[in-house]
Amino acid sequence: FSSSEMERLVEDLSDHVENKDLMFYARDKRLANLFRKYKVAGKVYELPDGFWGSYLGVVNSNLAGGKSDAFVEQDINLWLNVNSEGGVLGDLSVVREHNGENEEEGWYRATNKDYLKVYTNQGSELIFADGNTVREEIRRDYTSDYIKLPVLGYEGDKIYNESQNIWVTQEFGKQAFGSWLLTEAGERSNLELRYKNPAPDKFKLKEGRKFEFVFDKQSGSDTGLNIKVSAPLGYVWQESDSSIYKYESNDVSKRVSFELTLENQFEGEVIRE
């Protein structure tokens, strides 16, 4: 390699690391701690005690769908409505569009068979689901045949919600909702979920309190992300000077997190403890 070629290689690798396309694991504790320090270990975000906010992770698994992922575009749209008790109502839409219908190779034109999991705050309640695909489960109870390794974040007990066709599990300290989403070549599919994040214990609404949103990007994935957060009645977000805060990105490159600060909407009626 020439020095210029080496420089370009290092820049490319840096970009892939920054975008979570490359992650590192080591059995040596010193190396593992180093990877965690520089945020290249791929560790899932841990919600701190007393967390007030909303966490979102969307994980796609293509199972028997050929190489169709190469031609599937995804957009995630989420509207969070924060109430005065500290609870959060989330309306989530995951749109997947399969653009491989004109490709010569059959594996690119194959139906994209995505087992999609949505991760959010532990204790969250699923209210509604639509657009997911009902598939005949060949074998639902497979857990007795395998060794459970905690380091892999084993999903634990699975509850199947028959009415919504959703698997409900707890993994990585999160609540997870999983279901199939099949997308034919040249078509678009849309999974819609409504869920409620619980309020923290002994929650008190007051000016200056900070609400946090965290999105964990799946490694190696490309997705658009559009977020709207509505403040509780009588409040605005200081960061947007409005009751609604918006975040938009056509291609999320890494973990997204932001804090929003409550501000009383009515001048002269500031509420403080």
Side-chain angles (χ1 to χ4, degrees), residues 6-62 69 74 76 78 80 88 90 92 94 115-124 143 146-158 168-178 195 197-198 200-201 209-225 227 229 239 247 249-261:
M6 183 60 71
E7 184 177 349
R8 285 198 300 271
L9 177 60
V10 171
E11 288 178 356
D12 288 342
L13 287 174
S14 298
D15 288 342
H16 284 300
V17 171
E18 176 72 12
N19 295 341
K20 288 185 66 177
D21 296 327
L22 286 176
M23 297 182 295
F24 301 89
Y25 168 80
R27 293 184 178 181
D28 185 284
K29 291 184 178 180
R30 292 173 298 177
L31 274 177
N33 288 335
L34 184 66
F35 293 154
R36 283 193 288 269
K37 177 182 177 181
Y38 288 101
K39 300 179 181 180
V40 295
K43 188 177 182 181
V44 175
Y45 182 85
E46 294 182 1
L47 302 183
D49 293 337
F51 175 82
W52 184 46
S54 189
Y55 173 90
L56 177 65
V58 176
V59 176
N60 307 101
S61 300
N62 179 8
D69 271 352
Q74 177 173 280
I76 298 171
L78 177 63
L80 298 172
V88 182
L92 175 69
V94 181
Y115 186 71
L116 190 152
K117 273 189 177 180
V118 173
Y119 292 84
T120 188
N121 305 35
Q122 194 166 29
S124 294
T143 56
Y146 296 90
I147 297 173
K148 302 174 183 179
L149 298 177
V151 70
L152 298 179
Y154 175 74
E155 60 192 12
D157 294 334
K158 296 176 69 176
V168 181
T169 60
Q170 292 188 14
E171 308 169 40
F172 306 107
K174 314 291 188 305
Q175 197 80 36
F177 307 116
Y195 56 86
N197 296 145
D201 292 337
R209 182 142 197 177
K210 293 187 181 296
F211 178 91
E212 186 175 2
F213 173 77
V214 179
F215 172 74
D216 257 334
K217 173 186 179 289
Q218 182 180 8
S219 177
S221 68
D222 295 319
T223 189
L225 182 65
I227 309 294
V229 186
E239 288 74 11
Y247 172 91
S249 175
N250 293 328
D251 185 13
V252 178
S253 61
K254 55 184 177 180
R255 177 180 292 154
V256 173
S257 64
F258 54 79
E259 284 188 339
L260 302 176
T261 310

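Atom OG1 in Thr223 sits 9.5 Å away from atom CD in Gln218 (nearest 0.5 Å). Annotation: the span from Glu239 atom CD to Lys210 atom NZ amounts to 6.0 Å, rounded to 0.5 Å. The line from CD1 of Ile227 to CG of Leu78 is 4.5 Å long, rounded to the nearest 0.5 Å.
Atom CG of Asp201 is surrounded by 12 or fewer heavy atoms from other residues, nucleotides or ligands within 6.0 Å. More than 12 non-hydrogen atoms from other residues, nucleotides or ligands lie less than 6.0 angstrom from CG of Asp28.
For Phe172 against Lys174, the heavy-atom pair with the smallest separation is O-NZ, 2.9 Å. Closest non-hydrogen pair, Glu171 versus Tyr119, comes out as OE1-OH, 2.9 Å. Considering every non-hydrogen atom in both Asp222 and Gln74, the closest pair reads O-CB, 4.3 Å. When all heavy atoms are compared, the tightest approach of Val44 to Arg255 is C-NH2, 3.9 Å.
Phe213 has its side chain out of reach of Leu260: every pair of non-hydrogen atoms, C-beta onward, lies at least 4.5 Å apart. Side-chain contact between Val94 and Leu116 is present, with at least one heavy-atom pair separated by less than 4.5 Å.
Between the side chain of Gln122 and the backbone N or O of Gln170, no donor-acceptor pair lies under 3.5 Å. Of the possible donor and acceptor atoms, none in the side chain of Gln175 sits under 3.5 Å from a partner among the backbone N and O of Thr120.
In this view, Phe51 and Leu47, Pro48, Asn121, Glu212 satisfy the side-chain contact (heavy atoms from CB on, under 4.5 Å) rule, not counting sequence neighbours. Applying the ring pair (Phe, Tyr, Trp, His ring centres under 6.0 Å) test to Phe211 and every residue at least two apart in sequence or in another chain returns Trp52, Trp237.
Judged purely by distance below 3.5 Å, without hydrogens or angles, the side chains of Asp216 and Tyr55 pair a donor atom with an acceptor atom. Neither side chain, Arg30 nor Asn33, offers a donor N or O lying under 3.5 Å from an acceptor on the other.
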